[in-house]
Amino acid sequence: EVTTQAALELRAALVAELDHALSSDPEWDQVQWGGAVDEEVYRSGCGLRMLGSLKVKKGNFLGRLYRVAAVVEANGQPLSAADLEAYAANQHRILTDVSIHPAVHS
């Protein structure tokens, strides 16, 4: 089980790595990763946002849809724009890739 504290520490490490790894890339260097990787989803009473859901705050629609914004390959390289567009269009694959599968115990 991952505690709230452990999840927040992992998030902080991810934000630091994104800042470091992408700071020299003009496409990503202006992103404020601390805001982009929302820490509230790791706190009690909050949850992860579902792909395709609408952004709503205090009952008001904010006009954006949660979607895939970037994919980083296992080698640390971001998906090209064309590959990202094709990937983002395949909802079944996305859901398969991001699904959390419980460990099977015998």
Given Leu84, Ile94, Asp83, the one that forms side chain to side chain contact (heavy atoms under 4.5 Å, CB included) with Val71: Leu84
Walk me through it: do Leu22 and Trp33 pass the test side chain to side chain contact (heavy atoms under 4.5 Å, CB included)? CA-CA 10 Å; Leu22 299 174; Trp33 292 108; 3.6 Å; yes
By side-chain contact (heavy atoms from CB on, under 4.5 Å), which residues pair with Glu39, not counting sequence neighbours? Leu8, Arg11, Arg43
Using 0.5 Å steps for rounding, measure from the CG atom of Asp97 to the CG atom of Asn90. 8.5 Å
Considering non-hydrogen atoms only, spot the tightest contact between Trp28 and Ala70 and give its length. CH2-CB, 3.6 Å
